[in-house]
There are 2 protein chains.
Amino acid sequence: MQTQPSALAQALDSSVARSLDMDDGLRVIGFTKSFSKDQQIFCEGSSTDFIYRIVSGAVRSVRLLADGRRQVADFYLPGDVFGVELDVERLATAEAISETVVVVARRSNLAVDPDQSHRLWRHASRELRRCRDHVLTLGRRSASERLANFLIGLAKRLERGDAFDLPMTRQDIADYLGLTIETVSRTMTQLQGQGLIELDGCRHIRLRRPAALADLCE
Amino acid sequence: MQTQPSALAQALDSSVARSLDMDDGLRVIGFTKSFSKDQQIFCEGSSTDFIYRIVSGAVRSVRLLADGRRQVADFYLPGDVFGVELDVERLATAEAISETVVVVARRSNLAVDPDQSHRLWRHASRELRRCRDHVLTLGRRSASERLANFLIGLAKRLERGDAFDLPMTRQDIADYLGLTIETVSRTMTQLQGQGLIELDGCRHIRLRRPAALADLCE
DNA sequence: CGTCGAGTTGATTGTTTTCAACTTTGGTGG
DNA sequence: CCACCAAAGTTGAAAACAATCAACTCGACG
């Protein structure tokens, strides 16, 4: 199964097609493509025919209200697949948070294999689960619960143990958690004051008492 | 394709198996089953092998935090299919809001037909879309924006024009919108005061200026 | 007609936002 | 290498919004 040369595929700034065996069994032949900080990967309303897997860097999925209020729907980290949707049009915009490399594949090339198709749906299903957890957080948790929950989830996904670098800015975190940047900042300080986390610069974090943090999330 | 008699199918309190041609093309042979107000249809952690379609009544999907805070993930209305998930375990509990009749079908009976399977996923996809809209609402909208958005969406789904009965209590609305019952009540009164809606009793609503309501949602 | 659950309204509190000033960080060029 | 600058982050004070606590009203049903 070869990727057809396409306008978009040819426009990709990567040169070599690479075979990629995804963790979850998704076998994809795609192209690597690099994005610089804040560069758009796809935008709301665009076609959903391409799916992506992050090689390095990080991505945010963003939606805007008419007056500019911003909601970050999700973050994607190295190894994550994103952009899998059955709808024809994208509902959100995807942007690179930092210098980011992704593998791009044409969904229609995968979907012909029912087995691959099933794996694609597994991703959509994971997405739905994350989205539902997000609803619970935004609907019913306080600022400190939101942040604690966020940090624990991030630590787990980054697989770096209890010390890691935040890939995103305070503004991104705020827009993900439905808070303001000031509230995120204050809550970070507060968690640090309680000895639950340790900040070294504003990006590097260590979870000092992960269990106590987890208690905050209920 | 016949439904196998199963422990659960036999336990259903309905007698006749009925063939149902769903609006969206889902062809299902299932059983009808009735639920009384507040009765559980399925609970968190249970198997996802059955899917449901509402014949009459209404259903809420609910998640709870450890301390009892409640989040309504979604409402389902007559004609809606719910309970379609790829995960093995259910993440939320489904409860009848009022006297409710549903058709129950075994997902594994449908999924063998790739065409039916595709239609099932269409539902999951719709669910994801609704969930993402919910995130945007809970993350970034004020109480009056949340309520206006909710009422407009409900009016559209109920297909009764601008006047309809709310199938759910204030508490359910509050738990769906991430507010308290008092805030929902006050916001209703406020929207009425602005001439945007008209309340006749606490259940019957008429949207007097749908366009102005829609403006509130941005 | 009385009771109970649901809903509304009022007063007050508390959390988060807003506005503003200040500090830190990271990158760039002298 | 250091100084400077802009962007990002923090902190403080005040305001706004929604939550909480409490009393009251409405409506359905016996």
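Throughout, protein chains are lettered first and strands after them, A, B, ... in sequence-line order, and every chain is numbered starting at 1. Note that this is a predicted model, so its numbers are computed, not measured.
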Practice task
Mark yes or no for a side-chain to base donor-acceptor pair under 3.5 Å between Arg186(A) and dT18(C), with no hydrogen or angle criteria applied.
Solution key: yes
Practice task
Using only side-chain N and O atoms of Thr183(A), determine if any of them is under 4.0 Å from OP1 or OP2 of dT17(C).
Solution key: yes
Problem - Close side-chain approach of Leu147(B) and Ile173(B), heavy atoms under 4.5 Å - result: yes
Problem - First encountered from the 5' end of DNA chain D, between Ser144(B) and Met188(A) - result: Met188(A)
Completion exercise
Out of dT16(C), dT10(D), dT8(C), minimum distance to the side chain of Leu179(A) belongs to dT16(C)
Handout entry: Cation-aromatic face contact Arg90(A)/Phe42(A), 6.0 Å, 45 degrees
Key = yes
Completion exercise
Assert: residue with more 5' nearest nucleotide on DNA chain C, out of Val184(A) and Gly201(A), is Val184(A)
Practice task
Rounded to the nearest angstrom, tell me the gap between atom CZ in Arg170(B) and atom C1' in dT8(C).
Solution key: 9 Å
Practice task
Indicate, with a heavy-atom threshold strictly under 4.0 Å, whether Ser185(B) touches base, sugar-phosphate, or nothing.
Solution key: base
Practice task
Measure from NZ or CZ of Lys33(A) to the centre of the six-membered ring of Phe31(A) and say whether it is under 6.0 Å with the direction within 45° of the ring axis.
Solution key: no
Problem - Candidates dC21(D), dA20(C), dT8(C) - which lies nearest the side chain of Cys202(B) - result: dT8(C)
Completion exercise
Taking dA6(C), dT20(D), dT11(D) as options, the one with an atom nearest any side-chain atom of Lys37(B) is dA6(C)
Practice task
Check the distance between dA8(D)'s C1' and Met168(A)'s CE and give it to me in whole angstrom.
Solution key: 15 Å
Exercise for the section: Could you tell me whether the phosphate oxygens of dT15(C), OP1 or OP2, come under 4.0 Å of any side-chain nitrogen or oxygen in Ser142(A)? Expected result: no
Problem - N/O (side chain, Thr180(B)) to phosphate O (OP1/OP2, dA18(D)) under 4.0 Å - result: no
Exercise for the section: Look at the aromatic rings of His134(B) and Tyr176(B) and report parallel, tilted or perpendicular, splitting at 30° and 60°. Expected result: parallel
Fill in the blank from the handout: Among dG7(C), dC21(D), dA20(C), the one nearest any side-chain atom of Glu182(B) is dC21(D)
Exercise for the section: Look at atom CZ of Arg160(B) and say whether more than 12 heavy atoms of other residues, nucleotides or ligands are closer to it than 6.0 Å. Expected result: no
Handout entry: Global bending angle along the helix from dC1(C)-dG30(D) to dG30(C)-dC1(D), which compares the axes of five pairs at either end, to 10 degrees
Key = 30°
Handout entry: From Asp38(B), Asp74(B), Asp80(B), Asp175(B), residue fulfilling salt bridge (charged side-chain N to carboxylate O under 4.0 Å, His left out) relative to Arg60(B)
Key = Asp38(B)
Practice task
Give a yes/no on whether any side-chain N or O of Thr189(B) is located under 4.0 angstrom from OP1 or OP2 of dT9(C).
Solution key: yes
Problem - 4.5 Å side-chain heavy-atom contact, Leu154(A) and Pro167(A) - result: yes
